Q: 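The structure's right below; bear with me while I get my questions together.
Not measured: the values here are computed from a predicted model. Proteins get letters first, then strands, A, B, ... in listed order; numbering begins at 1 in each.
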Amino acid sequence: MSEHRYQPQEIEPRWQRVWADEHTWEVANVPDERFEKSYVLEMLPYPSGEPHIGHLKNYSLGDAIAHFHRRTGRRVLHPMGYDAFGLPAENHAIRTGVHPRKSTDESIAAFQRAFRSWGISIDWSREIASHEPSYYRWTQWIFLKLFERDLAYRKQAAVKWCPNDQTVLANEQVIDGRCERCGAEVEVRQLEQWFFRITDYADRLLDDLDGISWPESVKSMQRNWIGRSAGAEVSFRCEDVDPAHPIDYPVFTTRPDTLFGATFFVMAPEHPDVFRLAAGTEQEQAVHQYVNHVLTERVEDRGDAEKPKTGVPLGRFVRNPVNGEQIPMYVADYVLMEYGTGAIMAVPAHDERDYAFARTFELPIRRVIENPDGDEALPYTGDGPMVNSGQFDGAHNRTAYESIVQWLDNEGTGHASVNFRLRDWLVSRQRYWGCPIPIIYCEQCGIVPVPEDELPVELPDIEDYTPKGKSPLAAAEDWVNTRCPKCGGKGRRETDTMDTFVDSSWYFLRYCDARNDEAAWDPKVLAQWMPVDQYIGGVEHAILHLLYARFFVKALADMELLDVQEPFQALFTQGMILGPDGQKMSKSSGNVVSPTPIVERYGADAARCYILFIGPPDQDAAWNESSLEGVYKFLARLWRAGDDFAEHHPARPAEQPPEPEGSSLALVRKANWAIDKVTGDMSGRFTFNTAIAAIMELVNEITHPRSADAELSARRFAIATAASLVFPFAPHLGAEVYERVTGVRVWEEPWPAADSTMLTAETFELVCQVNGKVRDRVQAPTGAPRELLQELALASRGVQHHLNGHEVVKVIVVPDKLVNVVIR
RNA sequence: GCGGCGGUGAUGGAACGGUAGACAUGGCGGCCUCAAAAGCCGCUGAGCGAAAGCUCGUGUGGGUUCGAAUCCCACCCGCCGUACCA
């Protein structure tokens, strides 16, 4: 009887064929008022090699949510695509000579096979890949739209350069002074590059976080990254260089209340005026030496806050606007050109860095805020009454804050100001395998956008991918040399390509209208689907992708190309699957678990259930094969229960029996309990681990010998319910068992609703406590009045035993739950 | 430093302020079998006890409460992010 065994290898392909042949998961862009829409989206994969176990988790999670939404009466958009441009394919090409398009397409095929073999319910009619001209045509179009609005611009700047990948990087792609991709130490170079003006959106990117359901951790990371600081901009005047033409140097400070304590002034080594200021002073030589030294220092070393402060005097003075004092100017590397104005007022008494610098250079330290605790220690960064601050003496610094800013404003020496840590997004890359930037440089007309009707600017084939400090595309002379669209004269194409994060900043929009050849999307179609109701992916994208995509949506909304302000209404960040050793999976540690052999051996359903059962999905979890077998056994038992039943009874729709008794009642109750539990878990925190545990309990009840004499309809109902509930996690098995027992396709059935009368029994176990400690448990009628419960508890053996002789002070009764007798 | 999250059996993990440890793994015992595999049933936090039962127990120390893993305060440890950001 070998066929009476759970054989996922037989069941799974059969249902996959049904879903493929019938296009089951496709949805049309035709509005249907009867149903609410739901857009469920997992972050699109980067197709490099084979899918790994993290992908299995990501798409198992998303698929369960998509199925649940469908069966609770929503029209679900659940598409798939590939983030196909990028460095790994190109580096592979450099090593092997294989065109990145070929290796990428092979990898995409592997992903497609995997998704089908996992039974993920994807609307394949909307599939996209960012390296196809039909997609990147619109990436280029968006670039041009941003360019039109001056949100894409070109400027010379000190940028982060990866010497290994031979390309510039966005600030977000530099981790601890190293390249996010290859780990090489990043250098700083002055280069002309393309930027997106994301800083224009800093305020909105920050404020709108309040309105979306995202994990607090991700919101907080974005808030920190945007780094909004409120303070004041204050001008310090330098009359030294030419008294006839004084120069005002603004600084940004979050502590204008400490202005009276500013005893020196520091500029960043990159500040453009540093050499001019030092010129002609005895410091000239020293300043040159110092600045040159700093600029050759490693980025990582310079950022170390622990290292001793260095710097040199500029030989000049500036005037403190609040008290007219002339304070010395310095150049020091602890001041950063990228933040604020590249110059600071130094208040050593109330700032740790300024304090350290002042001690090293023996500069005056003047306390202007007292510590209410009477502690004399400096630096003191807390609040307190002001001293040595002229007219503000005695006032509390927080109270005086506003009036100082007001006073500066009246004097014309300062004003309230806000500063952001966020920098503009550097998007050009000196690499081949990316979306070409649709720009032409003309000797006459300068920077000229490629006309929309000439899009896409197709990526040409080239021979040599090796990076040479400029884009490999520069070698494609035929392609580079073109005519200026404006004047018809000689033009040269931009040879840099776009950061791949540009491609993935709008793909969720393209899914809505993926086959539109006339436009990136039809705004009316977009309005039907956007925003994404549930987005699912890894935390590693907390800043980069999630910030960029939000920026794109806001910018496009401002152009009235769409009408949402936020792309992802709710976000769920999954935890990582670690190796069996609890370490991050990596080729070098040899602990990588591939999903393919697991799926082949245990089936996709078991692999999917296991990965969801392992723990709360937002937490990291170590892979453990023996637990996987436990999940497999559970599925096999459900299959066997269905098989046994179907062997002896013809399929008929499952219904809850009207008045079950005895073991039938127990079974029906358990089924309803499971419906209630699973439904709750699916709707809230996605705690699929406890949902699966509840289905396990139901299956345990079904197969337990005590349920053997339950009536037919009760057994059918219980088995069908288990199959129905397991369907979002194990779709093949759910469909198989449900159909064999009921004759009906489970995905066409609505999600089961718990019968509330079955969620409670006539009696319950009353917990009897004395002073909060459990002393007995007795059966009591459900819904019994408090008096009765109190009576039962007081009469119980355990309570009596502990009562002896003590005075009962009071009795707490929690209906249908417990009684606590308080004694003295 | 700052921000976020977490600390519960041998293990992964459950527990609207109300029976701590659901479910699963592992372990032990049993059934079935000539035997094994598979499957099924039961037990499984620690200590004391013949048993009934008692005591202890959710990182540490306090607090609130009839009752705290859960709420509050202080601290310790771990993970993640970020950092000379003025």
Q: Is the shortest side-chain heavy-atom distance between A/R637 and A/N700 below 4.5 Å?
A: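 The answer is yes, as the side chains (C-beta and beyond) meet within the 4.5 Å cut-off.
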Q: Please tell me whether A/F501 and A/Y548 form a close aromatic pair, meaning their ring centres lie under 6.0 Å apart.
A: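 So the answer is yes for these two rings.
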Q: What contact category does A/E352 fall into here, base, sugar-phosphate, or nothing, at under 4.0 angstrom with non-hydrogen atoms?
A: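 The answer is nothing, as A/E352 stays clear of every strand by at least 4.0 Å.
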Q: How far does the P atom of B/U58 sit from the matching atom of B/A68, given to the nearest Å?
A: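 Rounded to whole Å, the distance is 12 Å.
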Q: Distance between the P atoms of B/A22 and B/A10, in whole angstroms?
A: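 Each nucleotide's P atom is 14 Å from the other's.
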Q: Using atom C1' of each nucleotide, how far apart are B/G59 and B/C76 to the nearest Å?
A: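 Those two atoms are separated by 7 Å.
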Q: For a 4.5 angstrom cut-off between non-hydrogen side-chain atoms, does A/V234 reach A/P321?
A: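 The answer is yes, as the side chains (C-beta and beyond) meet within the 4.5 Å cut-off.
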Q: Are A/F688 and A/F613 close enough that their ring centers fall under 6.0 Å?
A: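 No, the ring centres sit 6.0 Å or more apart.
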Q: In whole Å, what separates the P atom of B/A36 from that of B/G29?
A: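 13 Å, rounded to whole Å.
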Q: Find which nucleotide of RNA chain B each of A/I614 and A/R777 is nearest to by heavy atoms, and output the residue with the more 5' nucleotide.
A: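 Per heavy-atom nearest nucleotide, the more 5' residue is A/I614.
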Q: At under 4.0 Å between heavy atoms, what does A/F613 touch on the DNA or RNA strands: base, sugar-phosphate, or nothing?
A: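 Base, at least one base heavy atom under 4.0 Å.
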Q: Which sits closer to the 5' end of RNA chain B, A/W225 or A/G772, going by the nucleotide each is nearest to?
A: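 Mapping each residue to its closest nucleotide by heavy atoms, the 5'-most match is A/G772.
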Q: Taking ring pair (Phe, Tyr, Trp, His ring centres under 6.0 Å) as the test, write out the residues that go with A/W214, two or more places apart.
A: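 Once residues adjacent in sequence are excluded, A/W214 has no partner under the ring pair (Phe, Tyr, Trp, His ring centres under 6.0 Å) criterion.
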Q: Touch check for A/K219, heavy atoms < 4.0 angstrom, all strands: base, sugar-phosphate only, or nothing?
A: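 Touches nothing.
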Q: NA contact type, A/R228, heavy-atom cut-off 4.0 Å: base, sugar-phosphate, or nothing?
A: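 The answer is nothing, as A/R228 stays clear of every strand by at least 4.0 Å.
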Q: I'd like to know if the side chain of A/D351 and the backbone of A/A346 have a donor-acceptor N/O pair within less than 3.5 Å.
A: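 No: the side chain of A/D351 does not pair with the backbone of A/A346.
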Q: Applying the side chain to side chain contact (heavy atoms under 4.5 Å, CB included) criterion to A/V726, which one of A/T721, A/L638, A/V678 satisfies it?
A: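 It is A/L638, the one option of A/T721, A/L638, A/V678 that forms the side chain to side chain contact (heavy atoms under 4.5 Å, CB included) with A/V726.
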Q: What interatomic distance, in whole Å, is found between C1' of B/A69 and the corresponding atom of B/G7?
A: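 These two C1' atoms come out 11 Å apart once rounded.
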Q: Sticking with atom P, work out how far B/U8 lies from B/C71, rounded to a whole angstrom.
A: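 It works out to 16 Å between them.
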Q: What stems involve RNA chain B, if each pair must be Watson-Crick or G-U and both of its distances must be under 3.5 Å, with 3 or more such pairs in a row?
A: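 Counting only runs of 3 or more consecutive pairs, the stems involving RNA chain B are B:1-7 with B:76-82, B:10-12 with B:23-25, B:26-31 with B:39-44, B:45-48 with B:53-56, B:59-63 with B:71-75.
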Q: Is A/K309 positioned over the aromatic face of A/F357, cation under 6.0 angstrom from the ring centre and no more than 45 degrees off axis?
A: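 No.
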Q: Using the glycosidic torsion, which applies to B/G53: syn (within 90° of 0) or anti (everything else)?
A: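 Judged by the O4'-C1' to base torsion, B/G53 sits in anti, the angle falling more than 90° away from 0.
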Q: Any side-chain heavy-atom pair from A/Y610 and A/S627 closer than 4.5 angstrom?
A: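 Yes, at least one pair of side-chain atoms sits under 4.5 Å.
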Q: Go through RNA chain B in 5' to 3' direction and return only the first and the last nucleotide with some atom under 4.0 Å of chain A's heavy atoms.
A: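 Result: B/G3 to B/A86.
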Q: Determine the Euclidean distance between corresponding C1' atoms of B/G21 and B/G12; express it in Å to zero decimal places.
A: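 Roughly 13 Å separates the two C1' atoms.
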Q: When we call it a touch if two heavy atoms are under 4.0 Å apart, what does A/T687 touch: a base, just sugar-phosphate, or nothing?
A: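 No contact.
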Q: For a quick check of understanding: with a heavy-atom distance under 4.0 Å over all strands, which category does A/G630 fall into, base, sugar-phosphate or nothing?
A: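 Here A/G630 touches the backbone only, sparing every base.
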Q: Please work out if A/V335 contacts a base, only the sugar-phosphate, or nothing of the nucleic acid, heavy-atom cut-off 4.0 Å.
A: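 Base: the residue A/V335, judged by heavy atoms under 4.0 Å, touches a nucleobase.
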Q: Is A/N820 touching bases, backbone alone, or none of the nucleic acid, heavy atoms closer than 4.0 Å?
A: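 If one applies the 4.0 Å heavy-atom cut-off, A/N820 turns out to touch a base.
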Q: Does some side-chain heavy atom of A/V814 sit less than 4.5 Å from a side-chain heavy atom of A/V819?
A: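 Of all side-chain heavy-atom pairs linking A/V814 with A/V819, none is under 4.5 Å.
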Q: So what does A/D333 hit on the nucleic acid, given a heavy-atom distance under 4.0 Å: a base, only sugar-phosphate, or nothing?
A: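 The residue A/D333 makes base contact.
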Q: When we call it a touch if two heavy atoms are under 4.0 Å apart, what does A/V774 touch: a base, just sugar-phosphate, or nothing?
A: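 Here A/V774 touches the backbone only, sparing every base.
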Q: I'd like to know if the side chain of A/R775 and the backbone of A/V799 have a donor-acceptor N/O pair within less than 3.5 Å.
A: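 Between the backbone of A/V799 and the side chain of A/R775 there is no qualifying donor-acceptor contact (under 3.5 Å).
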Q: Just call it for A/Q769: base, sugar-phosphate, or nothing, with non-hydrogen atoms closer than 4.0 Å on any strand.
A: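 It contacts base atoms.
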Q: For A/N700, report the nucleic acid contact type (base, sugar-phosphate, nothing); a contact means any heavy atom under 4.0 Å.
A: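 Sugar-phosphate contact only.
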Q: With heavy atoms under 4.0 Å as the rule, sort A/R223 into base, sugar-phosphate or nothing.
A: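 The answer is nothing, as A/R223 stays clear of every strand by at least 4.0 Å.
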Q: Considering only atom C1', compute the distance from B/G39 to B/G4 and round it to an integer number of Å.
A: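 Those two atoms are separated by 48 Å.
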Q: At under 4.0 Å between heavy atoms, what does A/H802 touch on the DNA or RNA strands: base, sugar-phosphate, or nothing?
A: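 Sugar-phosphate only.
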